[in-house]
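Notes for the one structure printed next.
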Number of protein chains: 4
Amino acid sequence: MSEPVRQTIDVEVRYAETDQMGVVHHSVYLVWFEQARTRLCQTSGFHYAKIEKMGFNLVVTRAECRFVSGATYGDVVAVDSWLERLQSRGLRFGYGVRRGDEALASGTTEHIWVDRATGRPCRMPEVLREPFTRLAGLESL
Amino acid sequence: MSEPVRQTIDVEVRYAETDQMGVVHHSVYLVWFEQARTRLCQTSGFHYAKIEKMGFNLVVTRAECRFVSGATYGDVVAVDSWLERLQSRGLRFGYGVRRGDEALASGTTEHIWVDRATGRPCRMPEVLREPFTRLAGLESL
Amino acid sequence: MSEPVRQTIDVEVRYAETDQMGVVHHSVYLVWFEQARTRLCQTSGFHYAKIEKMGFNLVVTRAECRFVSGATYGDVVAVDSWLERLQSRGLRFGYGVRRGDEALASGTTEHIWVDRATGRPCRMPEVLREPFTRLAGLESL
Amino acid sequence: MSEPVRQTIDVEVRYAETDQMGVVHHSVYLVWFEQARTRLCQTSGFHYAKIEKMGFNLVVTRAECRFVSGATYGDVVAVDSWLERLQSRGLRFGYGVRRGDEALASGTTEHIWVDRATGRPCRMPEVLREPFTRLAGLESL
């Protein structure tokens, strides 16, 4: 077992993302996390848009975020993401948001696989087993 | 021909809707307009959620908004809406946003009917013809 | 010590809040939480807008949400909030989102007081001590 | 007089930006427009964050958008912007959104300069006169 694959996206703070406190509204970090894990999934060879078309949803069951310092308009922040935990029916992503070397926030999201046809939880699509195992830095699942 | 039906919703400004200028971000007004026309459609007896389930989308083809004064966190604003123009294949809603008597913004959105099955423009669903004609304050269409 | 004061707001799901999964995007729950705690603070006699004008920010340091079932367009959901934990320098709110009796989500947010003039953490404004202690259902702090 | 400077940004559609119609919600285009004009201003040598720090706001007084075809999750769209009209007290930006060669939307936003100290309309900051005249493709203003 090795380290999970780590992907980083650069996000330019949008004016609309700030609030009257002068920093990015805390709810926006969940949107950035999502954009980061889109990129991470994409590196596995499967864009999440494609996964949905295959008939599966990766439904968020829990999200958690710790906020250290606020991102501001004008910043370009780096959002790191990795597949922290992988099981046959669910998974957890980890995230970090940085401005240069300064940590701004960190968090996790937990998900389960849902079969779009039935709307019910299901096992990970077979075709993703190998690429996601690799993302997670695991030998096998 | 009489006046179109006018509906008003009260919207409490959300902190997340403000930006670092200390007022509500201009893009939010389009969201408020949408909430207002949801209520307006609802008064016709057809919630827009129901219209979609019937197989139709009311796709936005144009939106316009003029901003006079900014809404701020702590405000409860009134959003008026009315069916300004009704045609067999499209329609236009009008909107006004007020804080008490003070006009904050006004705007319009234009829409066409789309058949969800084909993804193509279509005529207004027959079942909406009478209630929407009434909404528009018209004798007949 | 008694139970904390519980406030409930009704929130009409906005079309813009849905995503292509057909349910409300998970980040939106944090916005609803915020609207709920605005109402809760308001019942203490201090709208959060007023607290900011007094020179204080209640900065979010952590947010957590568990998602059970998705809210959909057409729903009016109830968002409960309460002051779960009160300390001199920080506090934690609890939240529940329901559609009738069905639990959709629950969560918490943690906050610290920040002096707007210095941008540094500070103690709870003296004037809020009594009303917030009451909100929390405590005898004294 | 020559053509105005045209800047293009690439925007990766975020899942949170879609709605239950399966396309990007129309209000999001205003946010993209804003990100595009941030980049355009930046090419003049003045990031809008800096302009605000200089004591000025570029307040939106009108926004208009025409929607041709919907952007979808998985798309990377190009957002073009240019300074369409420049006057001493206000200006208008033009925008186009494309997916490759396919036009998705176009729009304009109109703005006035506001002095942050007084909250009142004012003339364009002197220091921006030359760079913005150049952006607009004008000889002089």
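Note on naming: letters A, B, ... go to the chains in the order of the sequence lines (proteins, then strands), and numbering restarts at 1 for each one.
- More than 12 heavy atoms of other residues, nucleotides or ligands lie within 6.0 Å of CZ in R89(C), so this atom counts as buried by the packing criterion.
- Residue G74(C) comes nearest to A49(B) through the heavy atom pair CA-CB, 4.5 Å, listed as atom of the first residue, atom of the second, then distance.
- Open room surrounds CZ on R123(B); 12 or fewer heavy atoms of other groups in view lie less than 6.0 Å from it.
- For the options K50(B), R39(B), Q42(B), H47(B), heavy-atom pairs under 4.5 Å to chain C are most numerous at H47(B).
- Taking 4.5 Å as the heavy-atom cut-off, the residues of residues 12-30 of chain C that approach chain B are E12(C), R14(C), Y15(C), A16(C), E17(C), ordered by number.
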